[in-house]
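Beneath this line is the structure, given in structure tokens, with notes to follow.
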Amino acid sequence: MGSIIKKLNREPHTCEMCKKFKIGDRYIYLSFAFKEHSSSKLVICKPCAKREHGPKNKTPLEDLFQ
């Protein structure tokens, strides 16, 4: 199951999901596992993390790692 695992420090990075260079919060996202492919960890930016976490989730993204 795809989910946000951890929040990292603010640093310049290239998001592995949208491929944009960002300066800010980084998150580790664990992707889905399929038959041929195992799950992988991606370092993603805050907008991608918000999109993957979902607006209808009971716990907001900001409250997950406090």
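Not measured: the values here are computed from a predicted model.
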| field | Where at least one partner belongs to residues 32-48, residue pairs that pass side-chain hydrogen bond (donor to acceptor under 3.5 Å, both in side chains), sequence neighbours excluded | value | Ser31-Ser40

| Got Ser3 and His53 here, is their nearest side-chain heavy-atom distance under 4.5 Å? | no

| field | Point-to-point distance, once rounded to the nearest 0.5 Å, from CD1 of Ile5 to CG of Leu64 | value | 12.0 Å

| said: With side-chain hydrogen bond (donor to acceptor under 3.5 Å, both in side chains) as the rule and sequence neighbours excluded, what pairs involving residues 14-30 come up? | reply: Tyr29-Glu52

| Roughly how far, to the nearest 0.5 Å, is CD1 of Ile4 from SG of Cys48? | 9.0 Å

| Among the clusters formed by ILVMFWY side chains lying less than 4.5 Å apart, do Phe21 and Leu8 turn up in the same one? | no

| How would you list, by chain and number, every residue that makes a side-chain contact (heavy atoms from CB on, under 4.5 Å) with Pro60, sequence neighbours excluded? | Glu62, Asp63

| query | So, do Cys18 and Cys45 sit near enough that their side-chain heavy atoms are less than 4.5 Å apart? | reply | yes

| said: Distance check, rounded to the nearest 0.5 Å: Lys6 atom NZ versus Leu30 atom CG? | reply: 13.5 Å

